J.: 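Take a look at the following structure, please.
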Number of protein chains: 2
Amino acid sequence: MHAEEPIRPVRAKRLPRAVRERQILDAAVAVFSRLGFHAASMDEISEVAGISKPMLYAYLGSKEDLFATCIRREATLMIEAIGDGVRPGEAPDVQLWCGLRAFFGFVGEHRASWQVLHRQASSQGGPFAQELADMRGRAISLVAALLMHSADSQGVGHASRDTEGLAAALVGAGESLADWWLDHPEESAAAVASRLMNLVWMGFGDLVEGRVWHPPAKG
Amino acid sequence: MHAEEPIRPVRAKRLPRAVRERQILDAAVAVFSRLGFHAASMDEISEVAGISKPMLYAYLGSKEDLFATCIRREATLMIEAIGDGVRPGEAPDVQLWCGLRAFFGFVGEHRASWQVLHRQASSQGGPFAQELADMRGRAISLVAALLMHSADSQGVGHASRDTEGLAAALVGAGESLADWWLDHPEESAAAVASRLMNLVWMGFGDLVEGRVWHPPAKG
DNA sequence: CCAGTTACCTACTGGTCAGTAAGACTACTG
DNA sequence: CAGTAGTCTTACTGACCAGTAGGTAACTGG
């Protein structure tokens, strides 16, 4: 019998770099989302990734580098998901509806991603917050453009500053509603999206009188 | 000349316990809001408070105890501020308006408090999140009750579940708009409150057609 | 089968930080 | 003025953690 049998269980060995990097990033997102940047330890991330710490450093650099890479990857995924969901030619309310549905769909299927992006990154001071602020800024501009166009087509000459602020409020509402949804997961993504759509398009004033918004019949 | 002159500058000495505890809590809120729970060190808090570390432990207990105490104090202040602002007898929209104005007024005058309450506490796993979730729950119930009453008086039989969700969305919108405001402080509290009021009461659908909500003339 | 490269490890260092031990100073009380 | 209760300090410990040194095993091309 062999005396030098390895003690630890089979751990996939000698995988190509690209695969390991993916594993590491997946593990890092999971741990960061659960513990936050500071409380997460590189030891735990390497353990979850099934790899030793020096590999982690060799592939992804310092802890801050790793966190920034996580943020960039998840943000890119999310922006793509929303971009795929939206339909440029439609009426403003339908476009907004599609965007919201895509957003909540993404959050529902990538909870850890969302927590890293929103909850964790926004409470770290460094370059992360900047990165996130940029992404949020793009979302706000997008919504603002939508509203501007909508207002123009109605011949209303609102100040653009006002529209910008409303867009920021809507984006904020979406972010917080997503957070809330994580703690009340009994609803579908479409139901949550519909809720926000009604709130921001119709307003309470209409809703309490029974006027609601619903998507065009084609779904 | 005296050889034993103390080196460090005058540091208020031998204050009664109650005063010191206030100083410590003020310092803790400032440091926690700037750095977050994990990155904040007890050494820094004690230094900002103008006191040595063992005093901090003697008076406020462990780091977690201290953080929880901060949260409770700031949350109580905020709830009181909103309670003082609201006017129970008025119409639903006016009540909502008063509540929003009080909320944004508090955030504007206690930025550090708000950051501790919302940004920091919500991203820590421990008992803090629970404490915060309770506070948020109370706010949501309050708004939900307001909307229910409003809907009832219109004779509309909405499901109460739906109202609860809308209230959660509104509270979330308020929280995120407050965060946004911290990064865009060029507006007054009333302006920000008015922005959210218009969004949630009128909705984009009305706003783009030029219909806006404004407070009753008395201000 | 040998040389170079890539994947991977164990075991450490240096620094930071929560929490504490042990006692010093001050003010009040009798 | 002795005693005591409350305020306050310096100086430490033990744990944890980011990052590294230095070495081993496996593939790859000749």
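It should be emphasised that the depicted structure is a prediction, and the values quoted were computed from it without experimental measurement. First the proteins, then the strands, lettered A, B, ... as listed; each starts at 1.
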J.: Taking only side-chain N and O atoms of A/Y59, does any of them lie within less than 4.0 angstrom of OP1 or OP2 on C/dA7?
T.: yes
J.: Could you tell me the separation between the CG atom of B/L60 and the P atom of C/dG19, rounded to a whole number of Å?
T.: 12 Å
J.: Is the A/W97 ring parallel, tilted or perpendicular to the A/W213 ring (thresholds 30°, 60°)?
T.: tilted
J.: Side chain of A/K63, heavy atoms from C-beta onward: which of D/dA18, D/dT7, C/dC8 has the nearest atom to it?
T.: D/dA18
J.: What is the separation between atom CG on A/D43 and atom C1' on D/dC16, rounded to the nearest whole Å?
T.: 9 Å
J.: So, using salt bridge (charged side-chain N to carboxylate O under 4.0 Å, His left out) as the criterion, who are the partners of A/R138 when residues are at least two apart?
T.: none
J.: D/dT7 P sits how many Å from B/I24 CD1, rounded?
T.: 11 Å
J.: Looking only at side-chain atoms of B/R17, point me to the closest of D/dG19, D/dT7, D/dT9.
T.: D/dT7
J.: Please give, in whole Å, the distance from D/dC8 P to B/L15 CG?
T.: 6 Å
J.: Just the atom pairs and distances: protein N or O near nucleotides 20-25 of chain C's N or O, under 3.5 Å.
T.:
| residue | atom | partner | partner atom | Å |
| --- | --- | --- | --- | --- |
| C/dC25 | O2 | B/R14 | NH1 | 3.4 |

J.: Name all residues meeting the salt bridge (charged side-chain N to carboxylate O under 4.0 Å, His left out) criterion together with B/R111; count only those two or more places apart in sequence or in a different chain, and write none if there are none.
T.: none
J.: Under the rule for salt bridge (charged side-chain N to carboxylate O under 4.0 Å, His left out), what residues qualify as partners of A/E44, not counting sequence neighbours?
T.: A/R34
J.: Output the rounded distance in Å from CD (B/E44) to P (C/dA18).
T.: 10 Å
J.: Whole angstroms only, please: what is the CZ-P distance between A/F37 and D/dC17?
T.: 13 Å
J.: Holding to side-chain contact (heavy atoms from CB on, under 4.5 Å), I want the full list of residues that pass it with B/A168, two or more places apart in sequence or in another chain.
T.: A/W180, B/I140
J.: Round to the nearest Å and state the distance from B/H38 atom NE2 to D/dC17 atom C1'.
T.: 11 Å
J.: For the side chain of A/S41, counting heavy atoms from C-beta on, which of D/dC8, C/dA7, D/dA18 is nearest?
T.: D/dA18
J.: Mind calculating the distance between CD1 (A/I51) and P (C/dT6) to the nearest angstrom?
T.: 16 Å
J.: Give a yes or no on whether the ring-centroid distance for A/W114 and A/F104 is below 6.0 angstrom.
T.: no
J.: List the residues meeting side chain to side chain donor-acceptor pair (under 3.5 Å) with A/S62, not counting sequence neighbours, and say none if there are none.
T.: A/D65
J.: Checking all strands, does B/M42 fall into the base, sugar-phosphate, or nothing category for heavy-atom contacts under 4.0 angstrom?
T.: sugar-phosphate
J.: Does A/R20 put a side-chain nitrogen or oxygen below 4.0 Å from OP1 or OP2 of C/dT6?
T.: no
